[in-house]
Amino acid sequence: MKREAVLIIDFGGQYNQLIARRVREHHVYCELKSYTVTLDEIRAFDPIGIIFTGGPGSVYAPGAPQVDPVIFDLGVPILGICYGCQLMAHHLGGQVTPAQDDAAREYGKTHTYFDTDCRLFRGLPAESVTWMSHGDYMARVPEGFSLAAHSDNCPNVAIADEARGFYGVQYHPEVNHTEYGAQMLKNFLYEVCGAHGTWTMGDYKKTAVAGLREKIGGGKVLLALSGGVDSSVAAALLAEAVGSQLTCVFVDHGLMRKDEGDEVEAAFAPWPVNFARVNAEKRFLDKLAGVTEPERKRKIIGEEFIRVFEEEAKKIGAVDYLVQGTIYPDVVESGTGDAAVIKSHHNVGGLPDYVDFKEIIEPLRLLFKDEVRQLGRELGLPEYLVTRQPFPGPGLAIRVIGDITKEKLDTLRQADYIFRDEVAKAHLEGTMDQYFAVLTNMRSVGVMGDGRTYDYTLALRSVTTSDFMTADWTRIPYEVLDAVSTRIVNEVPGINRIVYDITAKPPATVEWE
Ligand code: XMP
């Protein structure tokens with residue numbers, strides 16, 4: 001069967017990555033490319049459909065992102081969203097005007113009425129709520145188009161040219177506030193573009209394994225395994241593809257959570273890979289002894305990590321390929337479109353400079369996080385690894401406030417484990433995106449049995465967030481907090497007081513250091 005791919009042309013809107021995720025959730029492969037993509041590149045990509053995203057500007061603004069109008073002659077269906085809809089109308093002879101104070105300027109949840117005979121809205125309710133965010137609107141609909149949806153304020157919320165497969169919507173189907181947004185996109189993909197839903201992680205695994213085998217041949221491959229989801233799934237994929245040609249270097253810095261190092265090692269037992277676990281706990285703790293300043297801790301750990309990895313790589317000698325676990329949001333956030341570059345991602349900072357290799361392989365660079373997890377399952381990685389919450393590179397060193405000792409790390413590991421255990425028992429994992437314990441450097445007086453104690457205060461932290469750039473603290477039920485507190489104080493020597501961190505980010509950050 002022909003490869004089915006949808007091209008999403010990025011005009012700089014804030015939800016553009018979400019559009020790509022929604023398309024993939026319908027099992028259709030897609031890629032997000034800047035509006036500067038050329039016609040030749042589009043022809044080479046050979047899409048079954050094209051989506052124009054939203055964007056911040058007005059189609060009439062100087063320097064507004066445009067497309068080559070020949071795109072409308074390619075015979076490929078197009079769905080324009082918000083700015084994309086206005087751009088399509090503008091190019092095809094319609095008229096777009098700033099709504100200004102006009103009632104047609106819309107923002108937020110809007111009651112919308114649909115023509116359910118239109119292919120885009122077939123099978124959907126005739127009335128539902130959509131999420132609008134536009135200042136311009138179409139004063140005149142282009143020739144050949146009919147109106148397919150309206151709201152109380154705006155006569156043309158959606159336009160359709162069924163014959164050519166061109167559709168435009170003023171609302172954002174990709175955000176959750178839009179009811180039936182996912183179904184509308186599905187209609188576009190399946191009814192209009194004729195997709196079959198061939199993009200599954202099972203298929204991806206087969207294709208990726210075959211591709212990697214062909215590329216690598218008999219070459220040697222090296223991978224720095226951190227124990228996080230991305231590097232673990234990348235390692236499993238390579239292990240499946242080339243088995244013993246792969247060496248995974250797992251630097252155990254002694255700053256992992258309880259049992260984590262053993263779990264990672266056990267997960268790779270099914271493959272014949274060379275698994276080099278470097279127990280570098282003493283090295284790291286010696287370097288960190290007496291260091292209290294958070295940034296220095298981070299620097300020391302980063303540098304020591306590279307040093308250990310370099311030493312191991314030298315033992316292995318020259319390799320052909322170095323694997324990195326870069327994923328699609330890293331690629332997109334490093335700048336595909338006109339949107340501002342948010343951050344340039346680095347996995348394990350600076351590694352390639354220190355290792356003798358010919359080429360970098362990034363086998364996950366087209367996958368979203370949820371797809372990476374699914375691929376991990378397809379490869380047979382255990383669920384605890386695949387669903388692992390984010391864990392900072394410097395590990396527990398930035399969760400022990402002040403100076404770090406092995407005793408303090410062990411105390412924290414035990415407390416953190418109890419917190420996670422109680423969250424699991426209460427089935428709350430789905431309500432929190434990251435949750436952990438922090439051992440503060442504050443001691444206070446308590447009473448245990450008949451005796452006075454003077455022990456450390458432990459803080460619990462849990463956040464709910466979609467991007468970790470902003471976060472809210474999780475409203476954990478009191479009974480669960482109570483169970484965690486009681487257990488930790490009873491089971492973990494050295495802790496006599498538990499507090500719960502109720503600060504959002506900003507002004508706080510997720511980690512304490
Ligand atoms: P902050 O504390 O900056 O954390 O609000 C946001 C997210 O980033 C994680 N984090 C790190 N991840 N290396 C990492 O790989 C680091 O040095 C690091 N510092 C923070 C943090 O756990 C949270 O998910």
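Counting starts at 1 for both ligands and their atoms, in listed order. Just so it is clear, the values below take in all heavy atoms, side chains as well, and ignore hydrogens, waters and symmetry mates.
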Q: Give a yes or no on whether a salt bridge exists between K33 and E41, defined as a side-chain N under 4.0 angstrom from a carboxylate O.
A: no
Q: Note the single closest protein heavy atom to atom 14 (C) of ligand 1, along with its residue, its atom name and the distance in Å.
A: G393 N, 3.3 Å
Q: Classify the ring geometry of Y35 against F11: parallel below 30°, tilted from 30° to 60°, perpendicular beyond 60°.
A: parallel
Q: Heavy atoms only: which of R399, E511, E513 is nearest to atom 20 (C) of ligand 1?
A: E511
Q: Please could you name the atoms of ligand 1 that T509 approaches to less than 4.0 Å, counting only its heavy atoms?
A: 1 (P), 2 (O), 5 (O)
Q: Is the closest N or O pair between V510 and ligand 1 shorter than 3.5 Å?
A: yes
Q: If you take the nearest heavy atom of each of R298, K297, K505, which one is closest to atom 17 (O) of ligand 1?
A: R298
Q: State whether a side-chain donor-acceptor pair under 3.5 Å links T326 with R365.
A: no
Q: If the plane angle is over 60° it's perpendicular, under 30° parallel, otherwise tilted; pick one for Y15 and H172.
A: perpendicular
Q: Does the plane of the ring in F305 sit parallel, tilted or perpendicular to the ring in F309? Use 30° and 60° as the thresholds.
A: parallel
Q: Specify the protein heavy atom at minimum distance from atom 12 (N) of ligand 1: its residue, its atom name, and the distance to 0.1 Å.
A: P392 CA, 3.5 Å
Q: With R257 as the cation and F391 as the aromatic partner, state whether NZ or CZ is under 6.0 Å from the six-membered ring centre and within 45° of the axis.
A: yes
Q: Checking a contact table here: which protein heavy atom is nearest atom 23 (C) of ligand 1, and how many Å away?
A: Q434 OE1, 3.2 Å
Q: With atoms numbered from 1 as shown, which atoms in ligand 1 lie under 4.0 angstrom from a non-hydrogen atom of P394?
A: 13 (N), 16 (C), 17 (O)
Q: Check each of Y328, W199, Y204 against Y29 using the ring-ring contact (aromatic ring centres under 6.0 Å, His included) test, and report the only one that passes.
A: W199
Q: Is any heavy atom of the protein nearer than 4.0 Å to atom 9 (C) of ligand 1?
A: no
